[in-house]
Amino acid sequence: MSATADGDGTRVVRAGLPEEEPYAAPLPGPVFAAHYHLPGDPADAPYSYGRDGNPTWTALERAIGELEAPDGDFADTVHTLAFASGMGAISAVLFSRLRPGDAVVLPSDGYNLLVPVRERLEGFGVEVRTAPTAGDAQLAALDGARLLWIESPSNPGLDVCDIRRLADAAHEHGALVAVDNTLATPLGQRPLALGADFSVASGTKALTGHGDVLLGYVACRDPRLAADVRLWRKTVGAIPGPMEAWLAHRSLATLEVRTRRQAESALALAEALSVRPEVRDVRHPGRPGDPAYAQAARQMRRFGCVVSFTLPDKAFCERFLAALRLVDDATSFGGVRSTAERRGRWGGDAVPEGFVRLSVGLEDAADLVADVERALERAAGATEGAGPA
Ligand SMILES: *Cc1c(COP(=O)(O)O)cnc(C)c1O
């Protein structure tokens with residue numbers, strides 16, 4: 001069942017904050033520095049040059065580490081590295097770990113930029129195998145693999161796999177396991193507690209939630225893996241700006257209320273869509289009856305803000321998107337304002353022409369459902385003014 005996730009609200013408002021100090025800001029502002037005062041031997045310096053480290057990142061990284069940490073584990077057993085974007089973080093794990101001749105298993109239905117990543121990896125002599133997320137199909141591709149990449153729930157199809165089962169199998173084959181935790185956020189699912197070696201995410205989406213920051217992170221427990229990722233970040237320079245890191249940290253305080261509200265409204269919308277004759281294949285992992293629900297309920301604590309569904313065709317879909325008033329036609333997800341898009345417009349995802357990915361924001365659920373129902377009626381050519389206005 002949807003767990004109550006006791007304590008999350010308390011954890012997020014204090015995550016990563018420094019010790020209380022009289023007359024200091026509870027969340028210190030961004031530190032803008034390309035270099036720091038650096039007397040003597042730099043080996044033990046916490047901060048030396050701005051591409052290596054920044055106190056504003058450190059605070060954010062501590063906060064995310066506290067949220068990704070398995071229950072009962074001290075947050076300082078989790079090493080977190082912030083990146084300029086989710087792709088910066090994903091590339092850091094893949095490219096810091098894989099060498100020519102290695103095999104990697106990727107989801108065939110994951111984030112669409114995994115397609116060019118795959119081509120680049122193959123160009124470097126890495127063997128790339130793919131399998132869908134549903135039905136734990138990646139299990140069959142693990143023999144001799146160095147790394148298993150999981151995306152659960154997958155974007156945009158919202159399939160879910162058994163992370164613990166896949167991680168155990170991968171480890172038996174000697175492979176490391178990374179989970180893209182973007183859609184769930186650490187309040188929805190904690191991959192490290194489910195056996196993954198890396199939890200990797202785009203902070204651009206629900207984690208920061210306001211659609212105004214690009215960010216990514218890698219969290220892991222093995223300090224040697226973390227050191228490789230850190231060196232990769234320093235080498236390619238995929239570092240977040242201090243302002244973005246600070247905005248992200250500030251946004252974490254509302255993560256619990258945002259993800260709770262979004263998941264509740266997403267479920268209400270999915271229920272409303274599921275009885276519409278013109279709508280097919282409504283997906284939301286938190287809806288009992290969804291093909292992913294049973295497994296999602298076992299490993300997730302919140303089910304996310306995304307609902308996907310299929311409309312009769314491209315033209316219907318475009319009419320629907322144009323008729324929405326409370327839902328912006330835009331990509332991305334997880335923001336405070338609802339967005340939707342015809343996913344097929346990008347290419348790269350194996351989805352039908354009428355496939356819609358809708359991200360539920362913080363509007364009142366009743367308003368949102370009414371707006372979506374009205375837009376469906378408009379798109380179907382229903383008479384002007386029909387339905388709830
Ligand atoms: C958006 C997204 C990414 C990429 O993140 P950016 O911050 O845009 O670089 C990776 N994985 C998933 C599942 C995403 O939705």
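Because only heavy atoms are used, hydrogens play no part in the values below, and waters and symmetry mates are left out as well, while side chains stay in. We count ligands from 1, going down the list as the structure has it; atoms in each ligand are counted the same way.
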Do any nitrogen or oxygen atoms of ligand 1 lie under 3.5 Å from a protein nitrogen or oxygen, and which ones?
residue, atom, partner, partner atom, Å
ligand 1, 5 (O), S202, OG, 3.1
ligand 1, 7 (O), G86, N, 2.8
ligand 1, 7 (O), S202, OG, 2.8
ligand 1, 7 (O), T204, OG1, 2.6
ligand 1, 9 (O), G86, N, 3.1
ligand 1, 9 (O), M87, N, 2.8
ligand 1, 11 (N), D180, OD2, 2.7
ligand 1, 15 (O), N155, ND2, 3.0
ligand 1, 15 (O), K205, NZ, 2.7

From CA spacing to verdict: side-chain hydrogen bond (donor to acceptor under 3.5 Å, both in side chains), S96, D228: CA-CA 6 Å; S96 72; D228 286 353; 5.8 Å; no
Residue among R221, H171, R97 satisfying side chain to side chain donor-acceptor pair (under 3.5 Å) with D197: H171
Inter- and intrachain pairs under salt bridge (charged side-chain N to carboxylate O under 4.0 Å, His left out), touching residues 22-45, at least two apart: none
Salt-bridge contact R301-D8 (side-chain N to carboxylate O under 4.0 Å): yes
Main-chain N/O of K234 paired with R51 side-chain donor or acceptor, under 3.5 Å: yes
Ion pair R283/D159, N-O distance below 4.0 Å: yes
